[in-house]
Amino acid sequence: MKNHPMVCDLETGVCGVAGEEELGIIDFNQPKKSIEVYYVTDPICSHCWALEPVLRRFIEQYGHYFNFHTIMGGLLEKWGDGPVDPTNGISGPADVVGHWREVGEYYRMPIDGTVMMNNPVQSSYPPSRVFKVIQKNQHDAIACEYLRRAREALFVFNQNIADTSVMIDIVNKLGLDGVAIVNESEQTSGQQLLNEDFDLARNLGVRGFPTIIMMNEDNKGLKIVGGRPFVNYVEGLKQVLNFEELQPKQQPSLLSLLGKEKLLFSKEIEVMYDLEKSEVISYVKKELSSDQYEMKEILGECYITTK
């Protein structure tokens, strides 16, 4: 306990911190979660990968105000003869590499991309179906962890996350039965789960990823398309709640965050703790002991992992 001046007051009958009010209203109730937040995304969406630092902080600090739903949007069913993304000149897997690297460099969430030349993902549906099966059978948190591990595997470590063996390995590392879950995802029921998300995304009017929709009890809300700065999501939540101010939770300690996430890039630490890039290494050394983490570098960006 901090060293506050203690006073035993005969008149009030209080023995405690000086200046403490004798009478006061206190409310231990958590705010009612009257807001639904829908995050429409896809495992191979590079801009969704770039959004992770901001989205994580938004959920960590303001998640007590809303119910969060991750929706699969279906970015790529298969490669065809025509252009998939004419705006960015993408008609085949190899065309993705330059675009991904540009996104990774701009947002500083590393993306290698050479997997799309050497062993390209042919469809984002298989990892999306695995996500839905985990979500249905286990828990949203585990499904979201799967999504994170899949994105790391794809964007940073050049693995084809639509490959059966890769999906099984990622699921196994979550402590689940990878073979059983991937097999279930390949059944008709797996595609039906995915189709339900597609229908919901369509009903929400979503046409691009990432899209975040905040909706209140009156089914009125706000749509934010594309990656935006952290403050935009906070202001959007205020608007939907019709609150002038919100009460954010304290950011988790770096030790707690790393324990949950297992791997954090410099940009993620910067966004969570309001740091400059040049401050990250000294901050990590201050918050963690050397036996609690390993620091590595890839594509010019440092990152930390649990030991």
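Along the sequence shown, the residues carry numbers beginning at 1. The basis for the numbers below is simple: all heavy atoms, side chains too, and nothing from hydrogens, waters or symmetry mates.
- Salt-bridge check for Lys136 with Glu196: failed, with every basic side-chain N at 4.0 Å or more from each acidic carboxylate O.
- The aromatic rings of Tyr62 and His64 lie parallel to each other, their planes meeting at an angle below 30°, with 60° marking the opposite boundary.
- A 4.5 Å side-chain heavy-atom check between Ser46 and Met109 finds every atom pair outside the cut-off.
- Glu270 and Ser266 form a side-chain donor-acceptor contact under 3.5 Å, judged by distance and modelled atom types alone.
- Using a 4.5 Å cut-off on side-chain heavy atoms (C-beta onward), His47 and His99 make contact.
- Between the side chains of Asn195 and Gln191, at least one donor N or O lies within less than 3.5 Å of an accepting N or O.
- Side-chain atoms of Pro126 and Ser185, non-hydrogen and from C-beta on, never get closer than 4.5 Å to each other.
- The hydrophobic cluster containing Phe230 also contains Ile35, counting ILVMFWY residues as joined when their side-chain heavy atoms lie under 4.5 angstrom apart, directly or transitively.
- Within a 6.0 Å sphere centred on CD of Glu297, heavy atoms belonging to other residues, nucleotides or ligands number more than 12.
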Test log, rule side chain to side chain contact (heavy atoms under 4.5 Å, CB included), inputs Met214 and Ile224 = CA-CA 8 Å; Met214 305 180 194; Ile224 302 176; 4.1 Å; yes
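- At distances below 3.5 Å, not a single donor-acceptor pair connects side-chain atoms of Trp49 with backbone N or O atoms of Ile44.
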Evaluation steps, side chain to side chain contact (heavy atoms under 4.5 Å, CB included), between Phe265 and Ile298 = CA-CA 10 Å; Phe265 289 97; Ile298 193 164; 4.1 Å; yes
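- Between the side chain of Asn160 and the backbone N or O of Pro120, at least one donor-acceptor pair lies under 3.5 Å.
- The backbone N or O of Glu77 lies less than 3.5 Å from a partner atom in the side chain of Ser123, making a donor-acceptor pair.
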Check residues 149-159 and write down every donor-acceptor pair under 3.5 Å in which the side-chain atom is one partner and the other belongs to a residue at least two apart or another chain.
unit_1 : atom_1 : unit_2 : atom_2 : d
Arg149 : NE     : Glu152 : OE1    : 3.1
Arg149 : NH1    : Glu145 : OE2    : 3.4
Arg149 : NH2    : Glu152 : OE2    : 3.0
Arg149 : NH2    : Glu261 : O      : 2.6
Arg151 : NH1    : Glu52  : OE2    : 3.2
Arg151 : NH2    : Thr41  : OG1    : 2.4
Arg151 : NH2    : Asp42  : O      : 2.7
Glu152 : OE2    : Arg148 : NE     : 2.7
Glu152 : OE2    : Arg148 : NH2    : 3.4
Asn158 : OD1    : Thr114 : N      : 3.4
Asn158 : OD1    : Thr114 : OG1    : 3.4
Asn158 : OD1    : Val115 : N      : 3.1
Asn158 : ND2    : Asp112 : OD1    : 3.4
Asn158 : ND2    : Asp112 : OD2    : 3.1
Asn158 : ND2    : Thr114 : OG1    : 3.2

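- Checked by atom type and distance alone, the side chain of Asn172 pairs as donor or acceptor with a backbone atom of Gly178 at under 3.5 Å.
- Counting heavy-atom neighbours within 6.0 Å of Lys262 NZ, excluding the residue itself, gives a total above 12.
- If you chain together hydrophobic residues whose side chains sit under 4.5 Å apart, Val97 and Leu75 fall into the same group.
- Listed by first and then second residue, the side-chain hydrogen bond (donor to acceptor under 3.5 Å, both in side chains) pairs involving residues 220-235 are Glu235-Lys238 (not counting sequence neighbours).
- The minimum heavy-atom distance linking Pro229 with Val54 is given by the pair C-CG1, 4.3 Å.
- Linking Ile, Leu, Val, Met, Phe, Trp and Tyr whenever their side-chain heavy atoms come within less than 4.5 Å leaves Tyr38 and Val225 in two separate clusters.
- In this pair, Phe243 and Tyr65 present their aromatic rings perpendicular. The plane angle is above 60°, beyond the 30 to 60° band.
- A distance-only check finds a donor-acceptor pair linking the side chain of Asp95 to the backbone of Gly92 [under 3.5 Å].
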Full working for side chain to side chain contact (heavy atoms under 4.5 Å, CB included) between Leu200 and His69 = CA-CA 11 Å; Leu200 177 54; His69 311 276; over 6 Å; no
Would Thr70 and Phe68 count as a side chain to side chain contact (heavy atoms under 4.5 Å, CB included) if you check the C-alpha gap in whole Å, the side-chain angles of each, and the deciding distance to 0.1 Å?
-> CA-CA 7 Å; Thr70 302; Phe68 190 78; 3.4 Å; yes
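- Looking at heavy atoms from C-beta onward, Glu184 lies out of side-chain contact with Lys132 at the 4.5 angstrom threshold.
- No side-chain heavy atom of Gln292 sits less than 4.5 Å from a side-chain heavy atom of Lys307.
- Using a 4.5 Å heavy-atom cutoff, the side chains of Pro53 and Tyr107 are not in contact.
- Across all their heavy atoms, Pro43 and Ile161 have their closest contact at CB-CD1, 3.9 Å.
- The number of heavy-atom neighbours closer than 6.0 Å to CG of Asn203, taken from other residues, nucleotides and ligands shown, is above 12.
- The closest side-chain heavy-atom distance from Thr164 to Glu186 is below 4.5 Å.
- Under the 4.5 Å side-chain contact rule for hydrophobic residues, Leu263 and Ile170 share a cluster.
- Judged by distance alone, the side chain of Arg57 and the main-chain N or O of Val271 form a donor-acceptor pair under 3.5 Å.
- Taking the six-membered ring for Trp and the full ring otherwise, Phe198 and Tyr125 have centroids separated by under 6.0 Å.
- The side-chain heavy atoms of Met72 and Leu147, taken from C-beta on, include a pair separated by under 4.5 Å.
- Hydrophobic cluster membership of Tyr293, counting Ile, Leu, Val, Met, Phe, Trp and Tyr whose side-chain heavy atoms lie under 4.5 Å apart directly or via other members: Leu254, Leu255, Leu257, Leu258, Leu264, Ile269, Met272, Tyr273, Leu275, Val280, Ile281, Tyr283, Val284, Leu288, Met295, Ile304.
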